[in-house]
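The sequence lines fix the lettering, A, B, ..., with proteins before strands; numbering per chain opens at 1. Only this structure's heavy atoms are used, side chains among them; waters, hydrogens and symmetry mates stay out.
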Amino acid sequence: MAVGKGVLSTCNYEARKFGCRSGMASFVAKKLCPQLICVAPNFDKYTAKATEIRAIFAEYDPLFESASIDEAYLNITPYCAENQKDPQEAIQEMRAAILEKTKISVSAGIAANAKLAKIASNRNKPNGQFFIPSDRAAIMDFMRDLPVRKVNGVGRVFERELDSMGIKTCGDIYPQRAYLTKLFGEKAFYFLMQCYLGLGRTRVQPVENYERKSVGTEATFHEIGGKEEIRAKLWTAAQELEKDLARAQVKGRTLVLKVKLHTFEVLTRQIAPPRAVMLAKDLYAFALPMLAKLEKEIPDLKLRLLGLRCTHLVSTKKVGIEFFGAAAVNQQRPTATIRQGNAGAEEAFETAAREELQEDMNELEQLSQEIADLPEPKPSESPSEDSPASPALHWDCPICSRPHPADDKVFNEHVDFCLSKQTIKEAVQAAPGEALPVLPKSRKRKPGSTTTPDPRQKRLFFT
DNA sequence: GCGGATCAG
DNA sequence: ATGGCTGATCCGC
């Protein structure tokens, strides 16, 4: 399978130039800086600038991929070959061209795949670029010290979960590999292994024929409790959704009601109406029973958010002859020219890395089996490369029950972490209000393991 | 398929 | 109380 790959580049325009996305809520910024002037966003302007910039991208890779209004992936391998420029030169020149022609500064990352390019693009912003050589050792070096949070897909929660088992950087993943599937599932394991190895997708293509999977709307408001008041919000949402569905030219075969209670707990309920819906009155009519049921289940229902969403969409677009004609022409474009396989060192790296991943997975499968075969799943001994005679290498944290390196200092630090203010706050927050309507459930845990802690336990420790 | 939860932009 | 909204995806059941 020849995958045309090489150096990918991701570009982000500088948000500051757009006057928004400072990374801080404006009401917070205003508090910190009362004389701050907030400029209202103007998406038409941003779209116009994005169009100008994309025209320049196209000169470097006509098949570039727009990731969002201010981000794109380019495969610049062919450009570099044809123009005999090295990747860093090419991107330097492209950024200069964009700045000159559009007055927008952009940052870029240059690396062997999309995941790395994205990370690299954040490295020298604003108005900078960062290059990761397409060399196995260089990539492994880069990943080893990279905080997992820097990887797209690792958010606040996953970061904390990984941290609690001693994984802070991508390099920390490998020694803990034996636990990952059990704790986070197969997909997460595969994802984390790719993080450790610095692997990512190398395919870059236009996303023209993207099909939306859902259309929804939701609104936050001041806490309301009256039945009529809530129905009024439902009607508003239904009208809003009708408009959005019309714009998207779709109907929904399922309808999802979403509410946020005064406790901040979020609930969703869905039904499949007998036929696809799109009109506000139908949306309202089919959502109402779900709402009524919730009111029954939760006495004194008080809401701070209500939303409606349609999924399992069916198109209401009229399809004429000329539409099919145009679509067929469009479809030929990407497939015809995208593969310009360039075998060589980079591809060898890719192959080697994938082989290693496969080996690791084989090894892990064995280890998982061995762990599964134990009478009690207690990961207190490391099944990995450490000396077999040594005592327990991991202790289970009494708070979160997760394995942690058996080192006094490290372990104590972790327990402190588990007992941190935040944890206590969550616990006492849950305590004073009487029983929660619906108890939060665990996620990402394989069933059957009786020793896996219920997250509620965290609260029980304190109440 | 349903409902909860996380993540990104 | 370090946001709100939209859409996608994953997980356990």
**Student:** By nearest atom, which of the nucleotides B:dC7, C:dT9, B:dG3 is closest to the A:Gln270 side chain?
**Tutor:**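 Closest nucleotide to the A:Gln270 side chain: B:dG3.
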**Student:** From C-beta outward on A:Asn152, which listed nucleotide comes closest to its side chain: B:dG9, B:dG3, C:dT9?
**Tutor:** B:dG9
**Student:** For A:Thr169, check side-chain contact (heavy atoms from CB on, under 4.5 Å) against everything at least two apart and list the hits.
**Tutor:**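 Partners of A:Thr169 under the side-chain contact (heavy atoms from CB on, under 4.5 Å) test: A:Asp172.
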**Student:** Atom NZ of A:Lys260 and atom P of C:dC5: how far apart are they, to the nearest Å?
**Tutor:**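 Value for this atom pair: 8 Å.
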**Student:** Report which part of the nucleic acid A:Val154 touches: base, sugar-phosphate, or nothing (heavy-atom distance under 4.0 Å, all strands).
**Tutor:** sugar-phosphate
**Student:** Applying side-chain contact (heavy atoms from CB on, under 4.5 Å), can you list everything that pairs with A:Leu288, at least two apart in sequence or on another chain?
**Tutor:** A:Arg231, A:Leu234, A:Tyr284, A:Leu291
**Student:** According to ring pair (Phe, Tyr, Trp, His ring centres under 6.0 Å), who are the partners of A:Phe221, at least two apart in sequence or on a separate chain?
**Tutor:**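 By the ring pair (Phe, Tyr, Trp, His ring centres under 6.0 Å) rule, A:Phe221 matches no residue at all.
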**Student:** Could you tell me the separation between the CD atom of A:Glu297 and the C1' atom of B:dC2, rounded to a whole number of Å?
**Tutor:** 13 Å
**Student:** CG of A:Leu192 versus C1' of C:dC10: gap in Å, rounded?
**Tutor:** 14 Å
**Student:** Take A:Leu74 and A:Met94 through the side chain to side chain contact (heavy atoms under 4.5 Å, CB included) test and state the conclusion after the steps.
**Tutor:** CA-CA 12 Å; A:Leu74 285 72; A:Met94 184 185 79; 3.9 Å; yes
**Student:** Roughly how many Å is it from CZ in A:Phe184 to P in B:dT6, rounded to a whole number?
**Tutor:**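 Checked: the CZ to P distance equals 13 Å.
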**Student:** Can you check the A:Phe43 CZ to C:dT6 P distance for me, whole Å?
**Tutor:** 12 Å
**Student:** Ignoring backbone atoms, test whether A:Arg156 places a side-chain nitrogen or oxygen under 4.0 Å from the OP1 or OP2 oxygen of C:dT2.
**Tutor:** no
**Student:** Contacts to DNA chain C from residues 218-226 of chain A, heavy-atom cutoff under 4.0 Å, which residues?
**Tutor:**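 Hits under 4.0 Å, by residue number: A:Glu218, A:Ala219, A:Thr220.
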**Student:** When you measure from the side-chain N and O atoms of A:Tyr210 to the phosphate of C:dA8, is any distance below 4.0 Å, counting only OP1 and OP2?
**Tutor:** yes
**Student:** With A:Glu223, which residues qualify under side-chain hydrogen bond (donor to acceptor under 3.5 Å, both in side chains), at least two apart?
**Tutor:** none
**Student:** Would you please confirm or rule out a distance under 4.0 Å between OP1 or OP2 of B:dA5 and any side-chain N or O of A:Lys258?
**Tutor:**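 So the side chain of A:Lys258 is outside the cut-off, no N or O lying under 4.0 Å from OP1 or OP2 of B:dA5.
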**Student:** Counting side-chain heavy atoms from C-beta on, which of C:dA1, B:dG9, C:dT9 comes nearest to A:Phe264?
**Tutor:** C:dA1
**Student:** To the side chain of A:Thr268, which of B:dG4, B:dG1, C:dA8 is closest?
**Tutor:** B:dG4
**Student:** Quick one: side-chain contact (heavy atoms from CB on, under 4.5 Å) partners of A:Glu52, sequence neighbours excluded?
**Tutor:** A:Lys49, A:Thr102
**Student:** C:dT6 phosphate, OP1 or OP2: any side-chain N/O from A:Ser214 under 4.0 angstrom?
**Tutor:**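 Checking C:dT6 against A:Ser214, no side-chain N or O comes under 4.0 Å of OP1 or OP2.
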**Student:** Taking only the side-chain heavy atoms of A:Ser68 (C-beta and beyond), determine which of C:dA8, B:dG9, B:dC7 contains the nearest atom.
**Tutor:** B:dG9
**Student:** B:dC2 P sits how many Å from A:Leu294 CG, rounded?
**Tutor:**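 Value for this atom pair: 15 Å.
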**Student:** Expressed in angstrom and rounded to an integer, what is the separation of A:Arg269 atom CZ from B:dA5 atom P?
**Tutor:**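 Whole-Å distance recorded here is 11 Å.
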**Student:** Map A:Arg304 and A:Glu211 onto DNA chain C by nearest heavy atom, then report which one ends up closer to the 5' terminus.
**Tutor:** A:Arg304
**Student:** Output the rounded distance in Å from NZ (A:Lys213) to C1' (C:dT9).
**Tutor:** 8 Å
**Student:** For A:Asp163 versus A:Lys168, what's the shortest heavy-atom pair and its separation?
**Tutor:**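 The pair with the smallest heavy-atom distance is OD2-NZ, 2.8 Å.
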**Student:** I want to confirm an ordering. Mapping A:Lys187 and A:Arg309 to their closest nucleotides on DNA chain C, which one lands closer to the 5' end?
**Tutor:** A:Arg309
**Student:** Taking the side chain of A:Val157 as its heavy atoms from C-beta onward, which of B:dG3, B:dT6, B:dA8 lies nearest to it?
**Tutor:**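 Looking only at heavy atoms from C-beta outward on A:Val157, the closest nucleotide is B:dT6.
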**Student:** Quick one: is the NZ or CZ of A:Arg123 closer than 6.0 Å to the six-membered ring centre of A:Phe142, and within 45° of its axis?
**Tutor:** no
